[in-house]
Amino acid sequence: NAKKQRSLLQKEIKKMTAQPIEVELGMSYGSPSMASAFNKLRAKNCTKILLFPLYPQYAASSSASAMDSLWRVLLRSRNVPEIRTIRNYHDHPAYIEALKQSVLKYWSRFGKPSKLIMSFHGVPKKSLMQGDPYHCECHKTGRLLAEALKLKDDQYKVCFQSRFGKAEWLKPYFSDVISALGKAKEKNVHVICPGFSSDCLETLEEINMEGMEIFKENGGVEYSYIPSLNGNPEWIHAMHEIVNTHMHGWIIPNWSIKKQNK
């Protein structure tokens with residue numbers, strides 16, 4: 001899905017400007033690596049690089065980790081390009097709109113649920129106590145999406161998934177929320193993971209499969225997972241909007257005309 005997003009964003013950018021702007025995918029852990037992405041951009045003579053972490057909400061363990069990965073690559077380079085980074089976009093209007101349209105499209109096919117659960121990837125509570133803004137940004141995303149969907153306070157809930165070890169993590173825990181809703185005989189629950197721009201094992205297995213099992217084992221009736229934004233046109237448009245916000249001064253108006261006049 002991330003590779004598809006890269007390709008679609010590249011096409012979207014080319015629709016908007018004749019200026020050669022390249023998009024490459026690099027991962028902090030995995031393939032393609034951050035180093036391979038940087039080397040591809042350098043081979044194309046890119047002198048300015050914008051790092052776009054695919055994490056809407058900033059956390060030291062995610063967005064900052066991606067930044068660290070790029071810095072480690074740059075430490076080995078003699079000719080470092082100009083660098084900008086996108087810290088977060090948890091409340092960017094285009095991102096919220098993309099989430100809204102994704103939910104509405106799902107509801108147009110399967111109906112509106114009695115409860116919408118917004119589940120974000122969990123982090124240890126210690127990180128919040130140390131000043132990490134992730135918890136607050138997740139709740140802001142949840143509130144803005146609920147407002148966009150015109151949901152009342154009792155029609156949605158924000159929670160956190162994927163905890164490990166014995167330490168306390170951000171609460172409420174997804175498994176506890178789903179279990180309680182099942183016991184309360186909640187009729188129809190939909191779950192969305194706004195912290196993921198594309199689906200992965202965590203969303204498809206832990207949320208879609210294990211979540212449904214917990215819900216129904218505890219007496220719940222209908223449970224559905226709303227897919228991540230993936231390659232939705234609204235999300236690709238949002239990515240382009242977010243990129244444009246951070247590229248002021250880098251985009252040259254009438255680039256092709258100026259090039260011809262040189």
Side-chain angles (χ1 to χ4, degrees), residues 1 5 54-57 89-123 134-135 137-163 169-238:
N1 280 325
Q5 288 173 347
L54 294 178
Y55 306 105
Q57 299 79 22
Y89 44 95
H90 65 291
D91 57 356
H92 195 289
Y95 161 65
I96 299 299
E97 180 65 19
L99 288 173
K100 171 189 171 183
Q101 292 304 322
S102 177
V103 173
L104 290 179
K105 284 183 180 179
Y106 194 86
W107 287 355
S108 70
R109 294 180 58 194
F110 302 103
K112 187 176 179 179
S114 55
K115 184 85 72 174
L116 177 65
I117 304 302
M118 305 177 194
S119 185
F120 295 83
H121 184 80
V123 297
Y134 179 73
H135 177 265
E137 293 187 3
C138 289
H139 275 279
K140 186 171 185 181
T141 295
R143 175 175 59 79
L144 292 175
L145 177 56
E147 290 175 356
L149 294 169
K150 297 181 171 59
L151 297 178
K152 297 178 181 178
D153 289 346
D154 63 349
Q155 292 180 310
Y156 78 98
K157 190 170 185 64
V158 171
C159 60
F160 299 89
Q161 67 211 41
S162 303
R163 66 184 189 273
W169 285 47
L170 296 181
K171 293 182 177 179
Y173 299 142
F174 167 75
S175 56
D176 291 348
V177 169
I178 290 299
S179 176
L181 289 174
K183 292 175 182 177
K185 299 297 187 290
E186 192 73 43
K187 294 181 181 179
N188 188 5
V189 169
H190 285 183
V191 182
I192 186 172
C193 295
F196 290 82
S197 65
S198 58
D199 281 313
C200 59
L201 282 176
E202 185 172 326
T203 61
L204 296 176
E205 184 173 321
E206 180 180 359
I207 302 303
N208 187 33
M209 298 171 63
E210 293 178 14
M212 180 184 297
E213 186 176 338
I214 293 171
F215 181 67
K216 293 190 173 182
E217 281 181 351
N218 284 278
V221 183
E222 293 186 34
Y223 176 104
S224 298
Y225 168 66
I226 300 176
S228 294
L229 294 170
N230 297 317
N232 290 358
E234 294 83 5
W235 171 229
I236 303 305
H237 171 75

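Below, all heavy atoms of this structure are taken into account, side chains as well, without hydrogens, waters or symmetry copies. Note that this is a predicted model, so its numbers are computed, not measured.
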Inset, instruction - Describe, in one word, how the ring planes of His121 and Trp169 are oriented to each other, choosing from parallel (under 30°), tilted (30 to 60°) and perpendicular (over 60°). - result: perpendicular

Inset, instruction - Could you grab the distance from atom CD1 of Ile192 to atom CD1 of Ile207, nearest 0.5 Å is fine? - result: 11.5 Å

Legend entry - Donor-acceptor under 3.5 Å (Gln5 side chain, Asn230 main chain): yes

Inset, instruction - Tell me yes or no: between the side chains of Gln161 and Glu206, is some donor less than 3.5 Å from an acceptor? - result: no

Inset, instruction - Just say parallel, tilted or perpendicular for the rings of Tyr89 and Tyr95, cut-offs at 30° and 60°. - result: perpendicular

Legend entry - Results of side chain to side chain donor-acceptor pair (under 3.5 Å) for Glu234 - residues two or more places apart only: Lys105

Inset, instruction - Show your working on side-chain contact (heavy atoms from CB on, under 4.5 Å) between Thr141 and Phe120 and close with a plain yes or no. - result: CA-CA 10 Å; Thr141 295; Phe120 295 83; 4.1 Å; yes

Legend entry - pair Trp107-His190: side-chain heavy atoms closer than 4.5 Å: yes

Inset, instruction - Measure across Ile178 and Phe215 and return the closest heavy-atom pair with its distance rounded to 0.1 Å. - result: CG2-CB, 3.4 Å

Inset, instruction - State, to 0.1 Å, how close Trp235 and Ser197 come at their nearest heavy-atom pair, and which atoms those are. - result: CZ2-CB, 3.8 Å

Legend entry - All side chain to side chain donor-acceptor pair (under 3.5 Å) counterparts of Asp176, not counting sequence neighbours: none

Inset, instruction - With sequence neighbours excluded, tell me which residues meet side chain to side chain donor-acceptor pair (under 3.5 Å) with Asn208. - result: none

Inset, instruction - Find the distance between NZ (Lys216) and CE (Met212) and round it off to the nearest 0.5 Å. - result: 5.0 Å

Inset, instruction - Step by step, work out the side-chain contact (heavy atoms from CB on, under 4.5 Å) result for Phe174 and Ile214. - result: CA-CA 10 Å; Phe174 167 75; Ile214 293 171; 5.5 Å; no

